[in-house]
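Notes to accompany the following structure.
In the text below, chain A, chain B and the rest are named by the order of the sequence lines, each starting its count at 1. The structure displayed is predicted, hence computed values, not measured ones.
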Amino acid sequence: MFDDKTETKTMNMIEAIRDAHDVMMERDSNVVVFGEDVGYFGGVFRCTAGLQEKYGKSRAFDTPISENGIVGAAVGMAAYGLRPCVEVQFADYMFPAYDQITQEAARLRFRSKGQFTAPMTIRMPTGGGIFGGMTHSQSPEALFTHVAGLKTVIPCTPYDAKGLLISAIEDDDPVIFLEPKRLYNGPFDGHHDRPVVPWSKHPAGEVPVGYYNIPLGKAATIREGSDVTVLAYGTMRFVAEVAAEETGVDAEILDLRTLLPLDLEAIEQSVRKTGRCVIIHEATRTSGFGAELLSIVQESCFYHLEAPVMRVTGWDTPYPHAQEWEYFPGPKRVGEALKKVMEAA
Amino acid sequence: MFDDKTETKTMNMIEAIRDAHDVMMERDSNVVVFGEDVGYFGGVFRCTAGLQEKYGKSRAFDTPISENGIVGAAVGMAAYGLRPCVEVQFADYMFPAYDQITQEAARLRFRSKGQFTAPMTIRMPTGGGIFGGMTHSQSPEALFTHVAGLKTVIPCTPYDAKGLLISAIEDDDPVIFLEPKRLYNGPFDGHHDRPVVPWSKHPAGEVPVGYYNIPLGKAATIREGSDVTVLAYGTMRFVAEVAAEETGVDAEILDLRTLLPLDLEAIEQSVRKTGRCVIIHEATRTSGFGAELLSIVQESCFYHLEAPVMRVTGWDTPYPHAQEWEYFPGPKRVGEALKKVMEAA
Amino acid sequence: MNDNKNDYAPLALHVPEPPYRPGDTPDFSDFEIPAAGEVPMPPVDAPLAELSYLSHDIIRVLDDKGKAQGTWVKNIDDELLDKGLRAMMRTRAFDDRMQKAQRQGKTSFYMQCTGEEAIATAQRMALLDTDMHFPTYRQQGLLFAQDWPVDKMMNQIYSNVEDDLEGLQLPVLYSFKEAGYFTVSGNLATQYIQAVGWGMASAIKGDTNIAAAWIGDGATAEGDFHAAMVFAGVYQAPVILNVVDNRWAISTYHDIAGAGTATFAQRASGYGLAALRVDGNDWLAAYAASRWAAERARRGHGATFIEWVTYRAGAHSTSDDPSKYRPKEEHEAWPLGDPIDRLKKHLIVKKLWSEERHTQAEAQYADEMRSEAEKAEANGTLHQYDRPRPSSKSVFENVYKEMPEHLRRQRQEMGV
Amino acid sequence: MNDNKNDYAPLALHVPEPPYRPGDTPDFSDFEIPAAGEVPMPPVDAPLAELSYLSHDIIRVLDDKGKAQGTWVKNIDDELLDKGLRAMMRTRAFDDRMQKAQRQGKTSFYMQCTGEEAIATAQRMALLDTDMHFPTYRQQGLLFAQDWPVDKMMNQIYSNVEDDLEGLQLPVLYSFKEAGYFTVSGNLATQYIQAVGWGMASAIKGDTNIAAAWIGDGATAEGDFHAAMVFAGVYQAPVILNVVDNRWAISTYHDIAGAGTATFAQRASGYGLAALRVDGNDWLAAYAASRWAAERARRGHGATFIEWVTYRAGAHSTSDDPSKYRPKEEHEAWPLGDPIDRLKKHLIVKKLWSEERHTQAEAQYADEMRSEAEKAEANGTLHQYDRPRPSSKSVFENVYKEMPEHLRRQRQEMGV
Ligand SMILES: Cc1ncc(C[n+]2csc(CCOP(=O)(O)OP(=O)(O)O)c2C)c(N)n1
Ligand SMILES: Cc1ncc(C[n+]2csc(CCOP(=O)(O)OP(=O)(O)O)c2C)c(N)n1
Ligand SMILES: [Mg+2]
Ligand SMILES: [Mg+2]
């Protein structure tokens, strides 16, 4: 990913995200950052800490509690020529902004034939695993991937988070940047009863200092394997890894990183090789992004498939509080799917 | 559907919808109807004409232009014990209400363990074919089917519209009721260059007078066939019919009618019989409801499939104005898919 | 909690009604209108507390005799007046022509701004070329105020091969960046907050550009209106927040948007904004108020809200029939008159114009629009399938800056 | 357009700042507080035009000496006062206990209402059992005002087997229909418009029930707040619209919500609503204002907006550390005092109470909460996996009234 001479620093995902902001605000005076509690305090997750002090109140500031206002104002600023990178405090609170995101930001370029564009990034913590209940745990990625004009990104390591966020800010189209909040402080494989692992224990916690980017639209092969392809993203990537390990299934694990545009080639290549596929995500199953992935695999790899493609997902219910671990698609459920897909004809 | 003695009347879909309101307002004083231009004027599509005059201003009234207000107020009324049936003027304008629909109405029963419920219907004209451009043509059904707690219904004839709307209003859960606006005045098979056919020329334009219902969650088999199963809903049902006719493919066409809860049995039975499946909808492809349908078919009928399941859908772009017929998945594209799926292995 | 519930009479829902419905005889004699010149102009740096009278009185300049009164307008040069009148007349001539074109099946849809021509034309002339307007579908006057090429508008309406937007967008939802005319959204109110964001960006960059936001009375009920008001007030954004209160939102009377108990300008005061009510059918008042607001914003004193008191003289759109919900005579009875007639009278009083020249100009603009329409129609109209049409390819372009693989595949599937 | 752009200085973005940040010495001496009793009470059927003074003055009843002053409160019976004080004290004791329980890892999350106890307890006592409150997470006082069983609340907080909501919902997002306590949403502001809808329903049915909507200063910026205000004004809904302005929204000062240039009550006036500002730390004022608003609504005079002037004494939640963004001493410096202390003083002045009884009562409630907590903990706490836990099945229940096939299959897949 980077050569030995690159200077690196150990960071958790929060620090990596903060650093990406810092690098981009330094390089480009058009980058502005705002959202609820984002200015003086630096964000409830601290992802923008120190930016106001360094870049001043007109480039990093607090906003009223109005997600449609935050995104709507960002659209206007982007049309002016700025590159807003805004925070929605939790993905669960993006819904009031859904109109501005999908009907405005996403279509500005199209409906003006490129006269006006919306180069902006909308960051939001996503996913469960923190006992946040139904209003701090949702994974709304499929609500973005259905909308033409948006890009949707979801990193799962500090290294990726920084590189992808820099690409998102540099991108000339609106990018939804989903941050799996359970991963902020360390990789999490779903074994909630085991000690917490910090990022400093994981190679992807070593993050280059200064500017670098990871191109949008490229998946990462986390583990090569020949038995079955696992398509995962966000927290599920780590669940996939541990499930493969525990079951001994020789899984090829793809961390999709960008959901739209999708790395079709990587997916097709892997499934054609393995002939089997398991798709995992935390979001509710029906019409989740797994449905699209399954459809793509079926459409483009039908004649290579040796078993039905399987989905392991959150249930089609609101995200419960006390029953978090019954809801979260943990290593046990993923492992069972791996075994089942291997047993199949 | 109904015996010879049932008194019927020829209605178009608008009249059938108005009639459903009338029947329910008459039977149940808790049914109230409101929305933008819905009261005195009776709705821009006239679906609520005459209701204010008949039932008074406190049961059928105009609202401020605030979709979140309309739905939010309806949630409160439903919690009180009323059964609001509200209109969103175009499905394209439901986005400001998306938070109230998905985070509030959909979860009220769950988060209160049934203490508070939201028996309400949210009607909205959907789909294209009327040169409405990107803001009067969208088909957002997948944005509802992803959300636990909602039911999503889409009729395609006057007969179904009345029977399903009555069921929706009677249902104790929130129901999204999508009305394919291109079908209001007559069935439309995508042959935009042919004369317009009125409902009076179609058997489903004969609508029983008074109360009847069509249960939610039941698909209708529009045409039996042995070659391939076509899963369609809304306007696409008529496109499917004409495509089958024109290609000579012996398609079994299912009009799903309710997208959630879905008639899993009907789908599985049919695909197991035919071994092939084509799914069609007007909405953008990526993460459209077709992806879920394809996934379900693949998961439950994998070993019966003789060819890849195909999707014919709107493109992943905003809905264009002048290029309406290049966007709309018409008989030509559907016909080609039917032929292709028959050619496959 | 010792109340006895039985003391109370049953509640009833209050649903506001317009004063007149079809069949009624409209009478606006109790509509309070200050005399022209009565409401004084404050300095642009006056503290908010001193501006509260402006949120209920109506700023008016032109009196019944066509004379300009009061402190709002001093030395307006004659050329500007002439330009203003012609801009309004051309706007109306254009509307007439396009309305006909729609009736003739040459496009899907059209929206007139009849009776409201003064507002947009005057405001555009009070602002600079580097400012940005965020119009609704009813501010075509902004374009006529700067002599924007009519063929560009017509080609867009016809969705023909010369349409800059290549047929992708609904008629009248123009996008003319060069004209300071932001791409119009079909979704109400969304652009109000975007305009505030644009103005904030100007302040962030240390520029002096200002934004003008536009919305109708009905759409003020949307959440984006509120967001815009809050942000504009909090960040003192350099914007003009226009509400065109033409009393109707399709079939819905403005009392359903809350106009019945407080003015929109009073609502704006509650957000800490300077708020004016202005006679929208008085071109001079429109120009003066816009100048004041622009100057205030550009001098760093923050956002000004302007409630334009006017009346939607025509149908909501070509899909609408207002005789179904309001008396045909209501527009005639409406006391603020016609903006073109009123400015014409002023010019005549000032001896800059005459009835003859007016009639002549009317004919000239009708001719202009007819011949422009013919030229545009030569490029094709919406439903002509036997003529060259906007490209199908363009459906896949500009969804993103660069076309992603899945769209490339879909374009191939379409066969273009 | 003869302006010369060079005349203008570069604009700059105005970003409001709180007066004090950590390290500063807070000083509220310029904060204007009317004397207790100074603001008179109007009749509930007074026309809106006569109520405007109420949107900037602050209604206060209890003076510094603990005496009740003015026209707002006449004959409050002693029993009520005693009940009010005890409700506040129990609220605070409960908060203390649950805050500790969270610190001990017995649940995921807790939110106190310290300093704001008067508002909810008084309002609940001014309303009827058949009315409905739509609380945020900070109105637990509503429950103590009616002696709601503490164990029901604690079991919910612990998400244990006795939790009525079966562990499904986040702590403190209670749902107690019988208590007139609407299921609390984690999404801010959504319930404000729902409350208006509930009130409208009462009017539609010809009932006499009223709804009370609750929101914080910060959340007023949301679109649903605006919708609620518009609907309440237009339909004159029988509701009380409460804004608890505790000056902070997590780390964000209320000026970022627009409190810096106009009061929230002034904003409400712009919607055609009766709007009061009330000393939220004055139990008698809170009770009297709530009574007035309830009576006004129930008599068919429409919605009343109440801005509660108060201060969030504690952290936003157990996830928050306010010393990061405001001076620790700010609460002490805040001039409206503590609601419990103030009512206590009044009761002592009235010889209904004493310091001793107060200390005794404090100890008693601390004991009560400790023993209630122990009992509740015996039913289990959130992270105890070796104890009986709320059923997994319940995750699939109540998604719909009847479980559809796909959920039945998923439940099977889960193996329960
Ligand atoms: C979000 C949204 N809701 C509804 C509509 C449908 N609609 C289009 S125009 C209109 C009325 C607008 O009235 P007003 O704001 O008063 O503007 P006017 O037409 O009078 O200029 C409505 C309801 C829309 N375009 N967008
Ligand atoms: C829609 C939405 N956006 C953001 C949040 C996150 N959030 C929870 S509480 C809060 C602050 C609310 O402040 P205020 O309204 O003043 O109420 P207070 O906490 O002071 O009682 C925020 C931003 C949320 N719950 N919902
Ligand atoms: Mg209007
Ligand atoms: Mg607060």
Can you confirm whether D:K324 sits close enough to A:Y40 that some side-chain heavy atom of one is under 4.5 Å from a side-chain heavy atom of the other? no

Between A:E326 and D:R389, is there a side-chain N and carboxylate O pair less than 4.0 Å apart? no

Can a side-chain donor-acceptor contact be found between A:H321 and D:S108 if the only test is distance below 3.5 angstrom? yes

Chain A shares the most heavy-atom pairs under 4.5 Å, among D:T190, D:T252, D:L173, D:L13, with D:T252

Look at D:V416, D:L168, D:D163 and state which one has the largest set of heavy-atom pairs under 4.5 Å with chain A. D:L168

Whether the side chain of A:Y93 engages the backbone of D:L188 through a donor-acceptor N/O pair (distance < 3.5 Å, no angle test) should be reported. no

Which class fits the ring pair A:H192 and D:Y385: parallel under 30°, tilted 30 to 60°, perpendicular over 60°? tilted

Around atom NZ of A:K339, are there more than 12 heavy atoms of other residues, nucleotides or ligands at under 6.0 Å? no

Between A:Y319 and chain D, which part of the residue has a heavy atom less than 4.5 Å away: side chain, backbone, both or neither? backbone

Chain A contacts, top residue of D:P171, D:G216, D:P16 (heavy-atom pairs, under 4.5 Å): D:P171

Proximity of A:F61 and D:H14 rings by center, below 6.0 Å: no

Go through the atoms of D:H316 and report whether side chain, backbone, both or neither lie under 4.5 Å from a heavy atom of chain A. neither

Using non-hydrogen atoms and a 4.5 Å limit, figure out which bit of D:A219 sits close to chain A: side chain, backbone, both or neither. backbone

What residue, out of D:A189, D:S392, D:A257, has the most heavy-atom pairs lying under 4.5 Å from chain A? D:S392

Does the ring center of D:Y325 lie less than 6.0 Å from the ring center of A:F41? yes

D:V399 portion near chain A, given a 4.5 angstrom heavy-atom threshold: side chain

Side chain to side chain contact (heavy atoms under 4.5 Å, CB included) evaluation trace for D:M414 with A:R333: CA-CA 9 Å; D:M414 195 206 252; A:R333 278 174 65 204; over 6 Å; no

At a 4.5 Å cut-off on heavy atoms, which part of D:L382 comes close to chain A: side chain, backbone, both, or neither? side chain

Stepwise side chain to side chain contact (heavy atoms under 4.5 Å, CB included) test for D:F396 and A:W315: CA-CA 8 Å; D:F396 298 95; A:W315 311 115; 3.7 Å; yes

Side chain, backbone, both or neither of A:T286 within contact of chain D (heavy atoms, under 4.5 Å): side chain

Check: A:Q323 side chain, D:S391 main-chain N or O, donor-acceptor pair, under 3.5 Å: yes

Which of these, A:T313, A:D316, A:T284, sits in a side-chain hydrogen bond (donor to acceptor under 3.5 Å, both in side chains) with D:Q410? A:D316

Short side-chain donor-acceptor distance under 3.5 Å, D:N187 and A:T135: no

For A:E67, which atoms come within 4.5 Å of any heavy atom of chain D: side chain, backbone, both, or neither? both

Would you give the length of the straight line joining atom CG of D:D217 to atom CD1 of A:I65, rounded to the nearest 0.5 angstrom? 7.5 Å

Interchain contact, D:S319 with chain A, by part (heavy-atom threshold 4.5 Å): neither

Which atoms of D:I250 approach chain A - backbone, side chain, both or neither, heavy atom under 4.5 Å: both

Is D:F225 close to A:S66 at the side-chain level, that is, under 4.5 Å between some pair of heavy atoms? no

Considering only heavy atoms, which portion of A:D92 lies under 4.5 Å from any heavy atom of chain D: side chain, backbone, both, or neither? backbone

Pick from D:G223, D:S185, D:G218, D:A249 with the largest number of heavy-atom pairs that fall under 4.5 Å of chain A: D:G218

